[in-house]
Novice: 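Mind looking over this structure? Questions follow.
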Amino acid sequence: VQLQASGGGLVQPGGSLRLSCVASGRTFKVYVMGWFRQAPGKEREFVATVTWGNNKYYSDSVKGRFTISRDNAKNTMFLQMNSLKPEDKAVYYCAAHDSGSYDLPGSYGYWGQGTQVTVSS
């Protein structure tokens, strides 16, 4: 599966952005999909995951502010980000799970190219 992330940009603290991830291929609906982010000088970190059964998991740092969702009919996953903070600044990546723990980058076999999110006044 090939993934294309979009929707990043510059937003003020407290603002919102909605990221999208479009997948090619007809098997999107069977994949557990996730969002990760990577800030300069830091390791890639887990943000959220949505399973094929629509179970959702979030990192503690975004829980209550971010919402992950998917539309299998459109092969698309979303990340609605509200109440953004400067520490949310990072390149955000979408990924399709392969095997292993949902919160580990190594468990994902397919990655999008990333979209930059900057939170600054």
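What you see is a predicted model, and the numbers here were worked out from it, not measured in a lab. Quick note: numbers below take in every heavy atom, side chains included, and nothing from hydrogens, waters or symmetry partners.
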Novice: Set out, in order, the CA-CA distance, both residues' side-chain angles and the distance that settles side chain to side chain contact (heavy atoms under 4.5 Å, CB included) for Leu19 and Val117, then state yes or no.
Specialist: CA-CA 9 Å; Leu19 305 184; Val117 171; 4.1 Å; yes
Novice: Does Gln80 CD have over 12 foreign heavy atoms under 6.0 Å away?
Specialist: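 Result for CD/Gln80: enclosed.
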Novice: As an exercise, state the distance from CG of Asp88 to OG1 of Thr118, rounded to the nearest 0.5 Å.
Specialist: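 Going from the CG atom of Asp88 to the OG1 atom of Thr118 covers 11.0 Å.
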Novice: Determine the minimum heavy-atom distance between Thr115 and Gly8, stating which atoms define it.
Specialist: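 Taking every non-hydrogen atom into account, OG1-N, 3.0 Å.
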Novice: Kindly check if the number of other-residue, nucleotide or ligand heavy atoms within 6.0 Å of CD (Glu43) is above 12?
Specialist: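 Check fails, neighbour count at 12 or below.
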Novice: At what distance, to the nearest 0.5 angstrom, does OH of Tyr110 lie from OH of Tyr31?
Specialist: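 Rounded to the nearest 0.5 Å, the OH-OH separation comes to 4.0 Å.
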Novice: Tell me if the NZ atom of Lys56 is crowded by more than 12 foreign heavy atoms within 6.0 Å.
Specialist: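 Enclosed.
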Novice: Mind running side chain to side chain contact (heavy atoms under 4.5 Å, CB included) on Val119 and Lys85 for me, showing each step along the way?
Specialist: CA-CA 6 Å; Val119 185; Lys85 304 175 181 180; 5.6 Å; no
Novice: What heavy-atom pair brings Pro13 and Ser120 nearest, and what distance separates the two atoms?
Specialist: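 Where Pro13 meets Ser120 most closely, the heavy atoms are CD-C, 3.6 Å.
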Novice: Starting from Leu79, can I reach Tyr57 by hopping between I/L/V/M/F/W/Y residues whose side chains sit under 4.5 Å apart?
Specialist: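 Not linked; separate clusters.
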Novice: Is Val50 reachable from Trp35 through a run of I, L, V, M, F, W or Y residues, each pair having side-chain heavy atoms under 4.5 Å apart?
Specialist: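 Same cluster.
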Novice: Gln4 side chain to Gln113 main-chain N or O, any donor-acceptor pair under 3.5 Å?
Specialist: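 The answer is no, because no donor-acceptor pair under 3.5 Å joins these two groups.
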Novice: Counting only N and O atoms by type, is there a donor-acceptor contact under 3.5 Å from the side chain of Arg44 to the main-chain atoms of Pro105?
Specialist: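 Checking the backbone N and O of Pro105 against the side chain of Arg44, no donor-acceptor pair under 3.5 Å is found.
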Novice: Thinking salt bridges, do Lys63 and Asp60 make one under a 4.0 Å N-O criterion?
Specialist: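 The answer is yes: the pair qualifies as a salt bridge.
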Novice: What do the steps show when you test Arg37 against Lys89 for side chain to side chain contact (heavy atoms under 4.5 Å, CB included), and what is the final call?
Specialist: CA-CA 9 Å; Arg37 67 186 182 186; Lys89 175 184 177 180; over 6 Å; no
Novice: Do Val11 and Met81 come within less than 4.5 Å of each other through their side chains, counting heavy atoms only?
Specialist: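 The answer is no, as the side chains (C-beta and beyond) never meet within the 4.5 Å cut-off.
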Novice: Do Ser59 and Ser61 have side-chain atoms, one donor and one acceptor, less than 3.5 Å apart?
Specialist: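 Ser61 and Ser59 do have a side-chain donor-acceptor pair below 3.5 Å.
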Novice: Relative to the ring of Tyr102, is the ring of His97 parallel (under 30°), tilted (30 to 60°) or perpendicular (over 60°)?
Specialist: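 Aromatic pair His97/Tyr102 classed perpendicular.
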Novice: In the single-linkage hydrophobic clustering (I, L, V, M, F, W, Y; side-chain heavy atoms under 4.5 Å), do Phe66 and Phe46 co-cluster?
Specialist: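 No, Phe66 does not connect to Phe46 through the hydrophobic network.
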Novice: Is there a path from Tyr108 to Trp52 through hydrophobic residues (I, L, V, M, F, W, Y) whose side chains come within less than 4.5 Å of each other?
Specialist: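 As far as the 4.5 Å side-chain criterion goes, Trp52 and Tyr108 are connected within one cluster.
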Novice: Check Asn75 against Ser24 and note the closest heavy-atom contact, atom names and distance.
Specialist: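 Shortest heavy-atom separation between Asn75 and Ser24 comes out as ND2-C, 4.5 Å.
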Novice: CZ/Arg70 to SG/Cys94 distance, rounded to the nearest 0.5 angstrom?
Specialist: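 Atom-to-atom, Arg70:CZ and Cys94:SG are 11.5 Å apart.
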Novice: Are Val91 and Leu84 in one and the same hydrophobic cluster, where Ile, Leu, Val, Met, Phe, Trp and Tyr link if side-chain heavy atoms are under 4.5 Å apart?
Specialist: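 No, separate clusters.
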Novice: Side chain to side chain contact (heavy atoms under 4.5 Å, CB included) between Val47 and Tyr93: does it pass, once the steps are laid out?
Specialist: CA-CA 9 Å; Val47 175; Tyr93 298 90; over 6 Å; no
Novice: If only atom types and distance count, is the side chain of Ser107 paired as donor or acceptor with the main-chain N or O of Ser101 below 3.5 Å?
Specialist: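 Flag set: sc Ser107 to bb Ser101 pair under 3.5 Å.
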Novice: Hey, does the side chain of Tyr58 reach the backbone of Ile68 with a donor-acceptor pair shorter than 3.5 angstrom?
Specialist: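 Pair found, side chain donor or acceptor close to backbone of Ile68.
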Novice: Measuring from atom OG1 of Thr67 to atom CZ of Phe78, what distance do you get when rounded to the nearest 0.5 angstrom?
Specialist: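 Answer rounded to 0.5 Å: 13.0 Å.
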